[in-house]
Amino acid sequence: MIDKMNALEKCLKMLLPFTAVASISSTSNAQMPDDPSYIGDVDPAARLGVLGVNVGLNGLICGIVAAVEERREIFKDIGQCMGGGMMQYAGMEIGMNNIPVLPGIGLRAVETGTSIIDNTLAGREMFEHLYYEFGPALFKIDTKNKGFDFYWRVAPVIGLLYNYTENNEFNWLDSFSYQTFVFNSHAPVTPAEPQTGLAIGNIMMYNTEYPGTKAHEFNHVLQYARFRPAQLLVPEKLSILEDTFHYRLGEDAVSLMFWGVEEIGCIAAGNQYCSRRWWNLLEAESYTMETAYGQGRDQP
């Protein structure tokens with residue numbers, strides 16, 4: 001049994017980089033103060049930039065898709081996606097607050113905004129398909145045909161197994177409040193082992209000595225939810241995965257893509273804290289959004 005557990009743990013550690021959404025948080029806020037690319041103290045007003053980028057980018061993508069597919073109401077599509085982007089951002093702001101149950105409401109708001117964008121890109125009615133998740137399970141509500149379906153994703157499964165093999169403690173109160181599986185690590189945080197939090201898909205973990213890390217990791221959970229429209233890019237030849245096996249490849253594939261970009265940047269930077277760089281878009285957003293958490297991020 002011990003040999004099997006060791007084999008499982010080694011397997012998970014091999015798969016971990018392919019499923020983590022650029023999501024490992026470290027403690028230091030002053031490792032490289034002279035490096036302008038290093039993320040140190042973040043002005044809370046920078047969240048306005050996150051709002052602008054999120055709304056503008058969603059509108060741009062939907063406008064391009066509508067133009068390419070020669071749809072008649074291009075500006076309607078742009079407006080719907082910008083509205084969906086605003087709902088996403090509202091959910092992100094709500095989710096950062098250290099108030100019981102509120103983060104879970106934020107997650108559902110983000111998912112509703114994402115569904116609007118997904119429906120618009122696919123040429124469906126604004127609220128035709130609504131997607132809501134909990135762990136590996138993703139539930140679809142078809143409001144037009146009065147149907148219901150469910151799917152699963154690989155990254156959350158690996159996240160659950162990883163926390164199990166690491167003997168991290170399941171936090172049921174946070175899991176209820178954040179509407180996703182939340183685990184706690186009690187391992188000492190040292191310069192050699194600076195990790196205070198980790199998100200794998202929509203499964204999050206934070207060290208109990210640094211509860212402020214919750215906001216950072218939860219923003220990665222929200223990013224994973226916002227990747228959902230990537231399912232529309234899955235080639236038709238792979239549709240059997242969704243139609244027959246109920247597996248959604250889109251979110252996992254985008255997670256892998258962002259991991260690859262981060263790793264290339266980390267190799268170029270040659271520093272163990274390379275994830276704390278402004279060019280790492282997912283981390284830059286998470287460090288910016290976490291400024292909305294209670295009294296701010298816990299620092300050693």
CZ of F176: more than 12 outside heavy atoms within 6.0 angstrom?
-> no
Go through the side-chain N and O atoms of E128 and T143 and say whether any donor and acceptor fall under 3.5 Å apart.
-> no
Short side-chain donor-acceptor distance under 3.5 Å, Y206 and D174 | yes
Between the side chain of T208 and the main-chain N/O of N184, is any donor-acceptor distance below 3.5 Å?
-> no
Give a yes or no on whether the backbone of F245 and the side-chain of W152 come within a donor-acceptor separation of less than 3.5 Å.
-> yes
Are E242 and Q231 linked by a side-chain donor-acceptor pair shorter than 3.5 Å?
-> yes
Do the side chain of N207 and the main chain of A187 share a donor and acceptor less than 3.5 angstrom apart?
-> yes
Between atom CG of L160 and atom CZ of F170, what is the distance when rounded to the nearest 0.5 Å?
-> 9.0 Å
Would you say the side-chain atoms of N280 pair up with the backbone N or O of R276, donor to acceptor, closer than 3.5 Å?
-> no
Look at the rings of F134 and F181 and say which category their plane angle falls in: under 30° parallel, 30 to 60° tilted, over 60° perpendicular.
-> tilted
Can E125 and N119 be counted as having a side-chain donor-acceptor contact under 3.5 angstrom?
-> no
Would you please say whether a donor-acceptor pair under 3.5 Å links the side chains of S115 and Y132?
-> no
Do E111 and R226 meet the salt-bridge criterion of a basic N to acidic O distance under 4.0 Å?
-> no
Do T114 and Q88 get their side chains close enough for a donor-acceptor pair, meaning under 3.5 Å?
-> yes
For F148, look at atom CZ and say whether over 12 heavy atoms of other residues, nucleotides or ligands are found less than 6.0 Å away.
-> yes
On the 0 to 90° scale, with breaks at 30° and 60°, tag the Y151-Y131 ring pair as parallel, tilted or perpendicular.
-> tilted
Looking at the rings of Y178 and F218, which for Trp means the six-membered one, are their centres under 6.0 Å apart?
-> yes
Backbone N or O of A45 within a donor-acceptor pair of the D43 side chain at under 3.5 Å?
-> yes
Check: F183 ring centre within less than 6.0 Å of Y164 ring centre = no
Answer with yes or no whether the side chains of D149 and H246 bring together a donor and an acceptor at under 3.5 Å.
-> yes
Could you verify whether a donor N or O on one side chain and an acceptor N or O on the other, from N54 and E285, lie under 3.5 Å apart?
-> no
Any donor-acceptor N/O pair, D77 side chain to G63 backbone, under 3.5 Å | no
If you measure only the distance, is there a donor-acceptor pair under 3.5 Å linking the side chains of H220 and E217?
-> no
Side-chain donor-acceptor pair under 3.5 Å between Y247 and R153, yes or no?
-> no
Does C81 offer a backbone N or O that forms a donor-acceptor pair with the side chain of N58 under 3.5 Å?
-> no
Exercise: do Y287 and D41 side chains pair donor with acceptor under 3.5 Å | no
Could you tell me whether K214 and E290 make a salt bridge, using a distance below 4.0 angstrom between a side-chain N and a carboxylate O?
-> no
Please answer whether the main-chain N or O of A215 pairs with a side-chain N or O of N219 as donor and acceptor at a distance below 3.5 Å.
-> no
So does I240 have more than 12 non-hydrogen atoms from other groups sitting under 6.0 Å from CD1?
-> no
Look only at the side chain of T213 and the backbone of Y210, and say whether a donor-acceptor pair between them is shorter than 3.5 Å.
-> yes
